[in-house]
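Report on one structure; see the data block that follows.
Starting from 1, each residue takes its place in the sequence as its number.
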Amino acid sequence: MWLLLYSSSICFVICTSYPIDFSFKSPIRLGGSTMSGFVTSVLHQAFTHLCSCFGVEVNYVWNLEKNLAALEDTMKVLRARRADVLTKVQRQECEGLQRLNEVEVWLTSVEDIQNQVYELLLPSRDELERLSLCTKNLSSSHSYGKRVLEMLKEVEDVQSKGVFGVVAGPPTNARAEEVEMPLPPTIVGQEKMLEKAWKHLMDTGTEVMGLYGMGGVLERINIKFLEHPVDGVDIVIFVVVSNELRVEIIQDVIAENLGFRGEEWSRKTKREKALVLHTSLKKMRFVLLLDDIWKEVDLNEIGVPFPTRANGCKVVFTTRFREVCGQMGVDDPMEVKCLESKEAWDLFRAKVGKITLESHPDILELACQVAGKCRGLPLALNIIGENMASKRTVEEWEQAVDTLASSAADFPGMEDHILPVLKYSYDSLKGEHVKSCFLYCALFPEDFAIEKEKLIDYWICEGFIDEKQGLNKAKNQGYGIIGTLVQACLLTEEEECESHVRMHDVVREMALWIASDFGKDKDKCIVKAGARLRQVPTVENWRSVRRMSLMDNKIENISESPTCPELTTLLFQKNNILNISGEFFKYIPKLVVLDLSHNKLFDGFPEEISKLVSLRYLDLSCNRGIQRLFRGLLELKELIYLNMEGTGLTSISGISNLSSLRTLRLRYNKMSRDSNVIEELQLLKHLEVVTIEIGSILVAEQLVNGYRVANAIQVISIHSLEEKSILTLPDMPLVSTLDMFRSEMVEIHIKRRTSSLNKSPTTPSFPDLSTVNLRDCHGLKDLTWLLFAPNLRALELDSLNQVEDIIIKEKAADILTEEEAGTIIPFQKLEFFQVYGLPKLKSIYWSPLPFPRLREFNIYNSPNLRKLPLDSRSGSSIELAIHNGEQYYRDKVEWEDEATKERFLRCINPSLY
């Protein structure tokens, strides 16, 4: 017996270790039977004997097909039993009874195990095929077979517990009619949003409605339908979709609501189910609620008739991502935002409880601080509130405040219940480069307004965005990534300043948690931004550090010499740094981004900065003590971005050594009259972006021939031109902002570039110019050159004493080509227009303009401006304010006609007086 067992064991090991081909090209006869039949018979007997020797272990594989069939059959019976129990429960609930807790638990367990079985059955065909081919990976089949048998026993166990004599009983309240279904915890404080959503849903014009952002609202809408049935609505169906979109599961939920169940329904294919559902639903006026969808849901594939005003049906969905709303055809979705302060506090207070909050006089104030750290996020308010409900000493609350301020991921419940939920949105981001861009946003302080353009510059230099096809395309890609993060609700755009974004504090904690390998390596990403530090923090393992942000602190000196072979990012801006030891730069060879802006650095900058051989981004702006480009800086051959704005720089001699430089920011220095600046910049062959300040006509005239510089100018400030002469400017295709102030030039002339084939220019000189500020330019008489800025969005004119016309008709005819004269309509994209202190101004334009985007039009102290370029069709939402006195506004302005007068008398904003 032992010998046989030993032999069988060896046979089993061999079979599971090597591929054996038992097929024969032609049968071999042996005693009237084919050899192949003989071999099969022998193997069958041998395997049967193995089964008897090894028992259940071998049965996992040998009986796999039989167990799979049994699992499917048992699951069908379980689903049918669940449908019967649910029907009985719903019938008794309609009679005012309340379902028993044990019944609710059982129904939930059936849903859970149904999902598990579905996932287990997905690869069943592959497993059986692998087994039939006798592949060598029998260990996989053994593992799968074991899971199938275990799941079969679980389903049988759940089925056996689903026998109920009674499924519902009297409600716990005194009177059944007063029973209210409990609201989902995330809904507390969202009454206004619920009311707004409900009103929009009830609008007859609403067919498909989308909500993005936080969850919970759709659950409350479903409850509202149950509590207050809407006349004419035949059925309301609520389906939780989640990140794994499974059409058949959605079909099954809808079918259950329609009464389709049992074995006959289960046997249908997906297409057959869709036909049945479509046939039933098209006869009804239904409301379908799809909760938490992660991508477009094809209603046709499910079998849902598309809602129209004619059929009166509606589909409502919630999602975490705004782009999904667009995919579903909803262009104006509703955003479900975080709770306001009062609403957030109400939710947090309810979770903590009155007894705890009143257990000590100091706890209430500390509780307010803890609630504030949640920034209105219901998920955080719920979990953290529940964790603090039992904390009744001041010390425990103080510790909570400290933990949330320094390392919120360590707070109880954060890593288990909050961060993993938020991580779903991170996981859905497509592309590792997008995920890296998102994690980078966590380097800024809590609730920090992050400048989009600066953020994109960081990303480009870090290599997250490929700049090989040009900086313009790279920046467009960066703005696209920001849009993706905003749509995923991982960033929020500033309402008052669209050039900035913010990251919710709890989302920031999730990003830091991920960046530290889910808390396993906290030295990998060190962020102490805004922590009021006075010295560089102690780090246990400098070799592990990859990114460090110490911005917005009070550090004065950097004398350490850490060995950081992996450090790529170092943000030191907004400190009080006076000195940096040269030793500091010696052992960080991979450093790519170094931001030392807004400090107190002086001209004696350490030459050892040349050791940063990988450095691509360097920001030294707003360090007034720096007066020159020191030698160590000029040796940084990989540098592509350099910001020297707001320093004491008097010369850029030697800048051509930085052969890779693409972006150079130079405004607010002491070089505006240096005639060598343009010549030096011309030597930078890869220059794509420059900001510059010009303080003399001579330097300005150099731009006319400095085509490389003119083509790269993004922001230009022209000031203190004392000569009463003509200022000539070249085409500047990238300039976005132009400031002119304290100057005496009498005219601005544009020297337009032409090609050798076409002597008449037809392209605008300033296609990207969006902001123009002119003030204290006392010699100018007109601004006709603005015709060459078709995308102007903001125009501010202040103290231009001689200007009589903004645009002169005769001059426009002289400077425009015939083709342009017939097509150019100025100020088509203007949003903000302010005129202040133009005493001689009589005309803005000779005829009414459409101003399709103008929102605000303010006129101050310009008493001779009687005729405005407006008619009754101008704009759609203009707020007009003329600050020359209300009586002047009513009596002196010459309106185009009575309709224009009536229109703008109605829309004037008194608050702007």
Side-chain angles (χ1 to χ4, degrees), residues 1-23 39-82 105-163 242-244 246 248-249 252 263 266-267 270 416 420 427:
M1 179 63 187
W2 287 108
L3 180 60
L4 179 59
L5 180 58
Y6 178 72
S7 324
S8 301
S9 301
I10 294 176
C11 179
F12 182 78
V13 170
I14 292 174
C15 287
T16 57
S17 304
Y18 297 94
I20 303 174
D21 187 358
F22 286 103
S23 62
V39 172
T40 301
S41 176
V42 170
L43 284 176
H44 180 79
Q45 293 177 32
F47 203 79
T48 303
H49 185 69
L50 283 173
C51 291
S52 66
C53 294
F54 288 91
V56 71
E57 293 295 323
V58 178
N59 277 325
Y60 293 146
V61 179
W62 189 245
N63 294 325
L64 176 58
E65 188 171 3
K66 184 175 69 175
N67 291 340
L68 281 169
L71 178 59
E72 291 184 4
D73 292 341
T74 308
M75 195 63 224
K76 288 177 183 177
V77 175
L78 179 60
R79 281 199 297 265
R81 181 167 296 179
R82 179 185 181 276
V105 170
W106 183 81
L107 289 171
T108 302
S109 67
V110 175
E111 289 183 10
D112 292 342
I113 204 163
Q114 179 174 284
N115 291 333
Q116 295 174 40
V117 170
Y118 182 85
E119 290 179 355
L120 188 61
L121 292 179
L122 281 177
S124 60
R125 185 173 300 173
D126 294 338
E127 291 291 346
L128 290 173
E129 185 176 345
R130 181 187 298 118
L131 204 58
S132 66
L133 294 174
C134 198
T135 59
K136 61 184 176 182
N137 194 13
L138 281 179
S139 60
S140 172
S141 297
H142 172 269
S143 176
Y144 181 73
K146 184 177 181 181
R147 294 205 313 276
V148 169
L149 189 58
E150 290 173 347
M151 183 60 71
L152 175 59
K153 292 178 180 178
E154 284 187 42
V155 173
E156 290 172 344
D157 181 60
V158 173
Q159 180 183 316
S160 67
K161 295 177 180 178
V163 180
S242 75
N243 61 326
E244 292 186 24
R246 295 174 181 169
E248 288 187 289
I249 288 182
D252 289 346
E263 186 175 346
S266 301
R267 282 202 303 264
K270 183 169 67 174
D416 295 331
D427 290 336

* Salt-bridge test for Lys153 and Asp157: reply yes if a basic N is under 4.0 Å from a carboxylate O, no otherwise. => no
* Asked: How would you list, by chain and number, every residue that makes a side-chain hydrogen bond (donor to acceptor under 3.5 Å, both in side chains) with Ser109, sequence neighbours excluded?
  -> none
* Asked: What residue among Arg82, Glu156, Glu263, Gln159 forms side-chain contact (heavy atoms from CB on, under 4.5 Å) with Val77?
  -> Gln159
* Residues in side chain to side chain contact (heavy atoms under 4.5 Å, CB included) with Asp427, at least two apart? -> Lys423
* Structure fact -> Contacts of Lys270 meeting side chain to side chain contact (heavy atoms under 4.5 Å, CB included) (sequence neighbours excluded), chain-then-number -> Val247, Glu248, Gln251, Glu301
* What residues form a salt bridge (Lys or Arg N to Asp or Glu O under 4.0 Å) with Asp73, not counting sequence neighbours? -> none
* Structure fact -> The side-chain hydrogen bond (donor to acceptor under 3.5 Å, both in side chains) partners of Lys76 (sequence neighbours excluded) come to none
* Could I get the full list of side-chain hydrogen bond (donor to acceptor under 3.5 Å, both in side chains) partners for Arg81, not counting sequence neighbours? => none
* To do: Just jot down the salt bridge (Lys or Arg N to Asp or Glu O under 4.0 Å) partners of Glu154, sequence neighbours excluded, or say none.
  => none
* Considering all heavy atoms of both residues, which atom of Leu78 and which atom of Val155 are nearest to each other, and what is their separation? -> CD2-CG1, 3.9 Å
* About how many Å separate CD1 of Ile113 and CE of Met151, when rounded to the nearest 0.5 Å? -> 5.5 Å
* What's the spacing between Met75 CE and Leu152 CG if we round to 0.5 Å? -> 11.5 Å
